[in-house]
Amino acid sequence: MTSKSFEFNASNLEAWQKAAVKSAPGGDVNALNWKTPDGIVVKPLYTAEDTANLPYANTLPGFEPFLRGPQATMYAVRPWTIRQYAGFSTAEESNAFYRKALAAGGQGVSVAFDLATHRGYDSDHPRVTGDVGKAGVAIDSVEDMKILFDQIPLDKVSVSMTMNGAVLPVLAGYVVAAEEQGVSQDKLSGTIQNDILKEFMVRNTYIYPPEPSMKIIGDIIEYTAKNMPKFNSISISGYHMQEAGANQALEMAFTLADGKEYVKTAIAKGMDVDEFAGRLSFFWAVGMNFYLEIAKMRAARLLWCRIMKGFDAKNPKSLMLRTHSQTSGWSLTEQDPYNNVVRTTIEAMAAVFGGTQSLHTNSFDEAIALPTEFSSRIARNTQLIIQEETHITNVIDPWAGSYMMESLTQEMADKAWAIIEEVEAMGGMTKAVGSGWAKLKIEAAAAEKQARIDSGKDVIVGVNKYKLAKEDPIETLSIDNVRVRDGQIERLKAIRATRDSAKVQAALDALSAAAESGQGNLLDLSIQAVRLRATVGEVSDALEKAFGRHRADTQKVTGVYAAAYDDGENVGDTMEYWNQLKADIAAFADAQGRRPRVMISKLGQDGHDRGAKVVATAFADLGFDVDMGPLFQTPEECARQAIENDVHAVGVSTLAAGHKTLVPAIIAELKKQGADDIIVFVGGVIPRQDYDMLYEAGVKGIYGPGTPIPVSAKDVLEQIKKALD
């Protein structure tokens with residue numbers, strides 16, 4: 001048989017179609033197509049015809065439009081940087097973790113700060129009682145920052161800091177800590193996230209309104225371009241968008257549109273684009289849609305090159321999209337958690353095939369609690385094994401020329417570009433964010449995804465299919481929040497007692513005046529204040545005097561969750577369960593003269609509201625009356641609103657480990673205000689060993705990750721009925 005027998009032609013394709021029809025469902029080859037969450041149709045077979053007219057299918061890595069990677073040799077010469085995103089409890093404990101990680105193969109430090117720090121509060125502030133040292137490290141001053149990086153040479157180790165709201169005092173603290181370690185600013189390498197537009201859409205660790213927040217970003221880009229040439233002044237982040245529910249096309253489009261807005265801001269300050277664009281970086285989430293994630297990262301480089309050419313950038317480094325990536329936290333499951341090791345490995349490989357410059361791999365237990373040293377080692381070794389054992393690094397962009405991947409890359413680019421053009425028609429991303437449109441697009445995607453899981457259309461192994469009859473407990477890390485907060489308060493007292501208070505106040509007044517007038521660089525002034533031992537909270541307060549503190553409107557989407565049950569494609573008996581539950585809620589309304597009313601709340605400084613918004617949407621679609629509490633409530637404020645709104649139940653969504661402090665506090669506050677007939681239920685990341693404590697405190701229902709919302713809704717309805725009997 002000659003090789004000619006295997007040549008592709010129309011006759012061969014027709015023969016394949018006839019063969020496929022025999023095994024395709026209903027004899028329809030199109031039934032084999034997969035429609036992605038982004039609305040892209042992925043075929044089961046691609047041929048040379050699919051790539052024949054693609055303009056970028058034969059490009060090279062390291063050259064425009066950088067589709068195949070920003071560097072000519074990529075991992076064949078230097079693999080991606082292995083980062084370990086971590087921070088918990090005190091600066092001392094986090095420092096010990098970083099040093100062990102670096103000794104065990106980590107190649108950079110990636111700092112997670114606690115929510116009090118993110119929101120610009122010192123640890124002694126009354127609003128952050130349950131947040132200090134939880135879900136990140138507590139940093140109040142440069143003294144904490146010096147401990148955090150003790151014996152870590154900052155001229156040799158790059159540091160990534162996920163910080164947006166309190167970005168000025170935190171970056172200033174890092175600069176001063178390095179100076180006092182003997183490292184000048186020009187030798188510092190790493191990245192500050194500094195991506196505030198994303199915060200208004202999803203993560204919500206903002207402090208000031210959008211307009212002054214953009215002024216802060218411009219000042220940081222300006223200062224670092226002049227004084228910190230090796231440091232990335234911004235990490236434009238899609239990660240938290242995907243974690244909040246965005247599909248890959250939305251994540252890519254909104255992130256690139258954010259980047260475009262930041263470039264405009266820097267140019268408006270009089271900077272030449274090539275002065276700063278080479279130090280902009282990006283940050284992607286990498287989830288379980290394997291092909292889409294690879295295509296997204298390739299397409300993003302193509303589109304960023306196009307965007308920067310629109311700004312007349314000439315330096316090739318200004319046209320390159322360089323990125324950090326992190327495997328998905330949302331894809332991790334509480335149920336059968338060792339499956340998460342496999343999920344993270346698949347996601348890590350997608351990030352590598354997509355061409356990331358650095359990578360963090362999540363630990364398998366992060367759907368339950370903070371990662372332990374044991375689980376963190378497995379996560380880090382996942383990357384080491386890919387780098388050292390697989391030889392994946394020896395080939396640059398191994399997906400190049402794939403009929404499917406090249407086609408999918410172009411389709412992803414086209415889909416995202418259409419969204420970017422829609423944003424531009426609104427006046428840019430600041431306007432799209434300010435109107436609430438962008439946030440609602442992400443929330444609708446999140447509700448749709450959750451409904452697909454709960455109805456069984458999307459399979460999650462161990463959650464809605466192949467479930468274990470019995471879950472074995474696993475060891476988790478618990479932080480003594482009271483101990484950490486007490487220690488931080490003592491350190492704050494010592495700093496305030498030993499510094500020159502008059503000089504500190506003068507520096508803070510200068511910062512407030514600059515914020516008010518718009519004159520002077522706010523990072524430069526923050527560094528001056530922090531050198532004098534001004535704290536994170538004091539610098540933030542000085543800016544708040546001029547800028548104010550942002551208060552977000554609380555909106556929710558409707559109808560999106562229910563649509564997954566109403567389209568006639570449900571699996572098993574979920575449709576029957578859904579309809580019966582709606583009938584039960586209607587019967588309750590007939591008997592009581594009003595519908596069951598619940599308030600969904602977020603307590604403390606935890607702004608991750610994907611779960612809260614999806615639950616609110618689903619409960620409303622079922623027939624509950626649903627109130628949404630504003631973000632960042634104290635237990636006292638939450639109890640007062642629940643009583644004023646005459647609700648039957650309060651649902652607390654918790655993702656930041658504050659449940660042991662804040663949930664008992666809301667129950668006690670309801671009782672104190674004479675409303676202990678209002679039941680409290682809890683959902684989110686809660687270790688099972690904490691369930692008994694919460695039940696003893698008075699919680700009526702606990703719904704961990706993976707609980708189908710209709711199941712939790714039915715239980716809440718039954719608990720409300722019991723309370724009324």
Side-chain angles (χ1 to χ4, degrees), residues 81-102 106-121 123 131-178 181 183 188-195 199 203 205 220 224 228 231-235 237 239-240 281 283 324-326 329 358-363 366 370-371 373 376 379-380 477 479 484 488 530 535-536 605 656-657:
T81 300
I82 297 173
R83 291 197 183 277
Q84 200 76 13
Y85 179 58
F88 49 87
S89 186
T90 63
E92 289 90 344
E93 290 178 71
S94 294
N95 171 262
F97 180 92
Y98 297 151
R99 285 161 56 192
K100 283 182 183 176
L102 289 169
Q107 296 156 352
V109 171
S110 189
V111 183
F113 297 94
D114 74 355
L115 290 168
T117 307
H118 273 290
R119 295 270 293 147
Y121 293 114
S123 295
D131 296 304
V132 177
K134 294 282 195 179
V137 61
I139 297 293
D140 292 318
S141 73
V142 70
E143 295 300 328
D144 292 331
M145 198 69 85
K146 286 169 67 177
I147 294 167
L148 189 68
F149 297 119
D150 181 43
Q151 299 181 59
I152 296 173
L154 294 179
D155 56 341
K156 296 181 176 64
V157 176
S158 69
V159 175
S160 172
M161 291 178 285
T162 301
M163 178 52 63
N164 302 282
V167 62
L168 286 172
V170 166
L171 183 53
Y174 165 70
V175 168
V176 176
Q181 195 187 86
V183 179
L188 295 174
S189 64
T191 304
I192 187 81
Q193 193 163 101
N194 193 27
D195 176 11
E199 297 298 322
R203 193 160 170 260
T205 59
I220 290 172
T224 53
M228 302 166 66
F231 196 82
N232 297 326
S233 57
I234 192 165
S235 174
S237 174
Y239 183 86
H240 304 96
S281 67
F283 176 22
H324 172 67
S325 300
Q326 181 173 338
S358 65
L359 177 62
H360 165 82
T361 34
N362 285 331
S363 302
E366 290 189 51
L370 292 169
E373 191 171 325
S376 296
R380 184 173 57 253
L477 178 65
I479 302 298
V484 176
Q488 291 299 118
V530 168
T535 67
V536 168
Q605 300 305 306

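This chain uses plain numbering: 1 for the first residue, then up along the sequence. For the numbers below, each heavy atom of this structure counts, side chains included, while hydrogens, waters and symmetry mates do not.
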task = Quick one: do H240 and F283 satisfy side-chain contact (heavy atoms from CB on, under 4.5 Å)? Show the steps, please.
result = CA-CA 9 Å; H240 304 96; F283 176 22; 4.0 Å; yes
Going by atom types alone, do [X] and [Y] pair a side-chain donor with an acceptor below 3.5 Å?
X    : Y    : answer
T535 : D140 : no
S235 : Q193 : no
H360 : S110 : no
Q605 : D131 : no

message = Please check: side-chain N/O of N164 versus main-chain N/O of D195, any donor-acceptor pairing under 3.5 Å?
response = yes
query = Is it true that a side-chain atom of T117 and a backbone atom of I139 form a donor plus acceptor pair closer than 3.5 Å?
reply = yes
message = Quick one, K134 with L115, criterion side-chain contact (heavy atoms from CB on, under 4.5 Å). Give me CA distance, side-chain angles, the key distance, then yes/no.
response = CA-CA 7 Å; K134 294 282 195 179; L115 290 168; over 6 Å; no
Close side-chain approach of [X] and [Y], heavy atoms under 4.5 Å:
X    : Y    : answer
F97  : S376 : yes
V132 : D114 : yes
D144 : Q488 : yes
I192 : N232 : no
I220 : L171 : yes
T361 : R380 : no
L188 : Y174 : yes
V170 : F113 : yes

request  = Report the C-alpha distance between Y98 and V111 in whole Å, list the side-chain angles of each, state the deciding distance to 0.1 Å, and finish with yes or no for side-chain contact (heavy atoms from CB on, under 4.5 Å).
outcome  = CA-CA 9 Å; Y98 297 151; V111 183; 3.5 Å; yes
Please report the closest heavy-atom contact between [X] and [Y], naming both atoms and the distance.
X    : Y    : value
A138 : G133 : CB-N, 4.1 Å
S233 : T224 : CB-OG1, 3.0 Å
A172 : V530 : CB-CG2, 3.8 Å

message = Within this structure, what is the OG1-NE2 distance for the pair T162 and H118, rounded to the nearest 0.5 Å?
response =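 One finds 6.5 Å between OG1 of T162 and NE2 of H118.
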ask   = Quick one: CD1 on I234 to OG on S281, what's the gap to the nearest 0.5 Å?
value =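 With rounding to 0.5 Å, CD1 (I234) is 8.5 Å from OG (S281).
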query = CD of E92: more than 12 outside heavy atoms within 6.0 angstrom?
reply = yes
ask   = Quick one: salt bridge (Lys or Arg N to Asp or Glu O under 4.0 Å) partners of E93, sequence neighbours excluded?
value = R483
ask   = Taking only residues two or more places apart in sequence, or in another chain, which ones meet R83 in a salt bridge (Lys or Arg N to Asp or Glu O under 4.0 Å)?
value =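 Listed in chain order: nothing, the list is empty.
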Could you tabulate the donor-acceptor pairs under 3.5 Å formed by side-chain atoms of residues 145-155, not counting sequence neighbours?
| unit_1 | atom_1 | unit_2 | atom_2 | d |
| --- | --- | --- | --- | --- |
| K146 | NZ | E180 | OE1 | 3.0 |
| Q151 | OE1 | R99 | NH2 | 3.4 |

inquiry  = Does T81 form a side-chain contact (heavy atoms from CB on, under 4.5 Å) with L359? I'd like the steps, not just the answer.
reply    = CA-CA 6 Å; T81 300; L359 177 62; over 6 Å; no
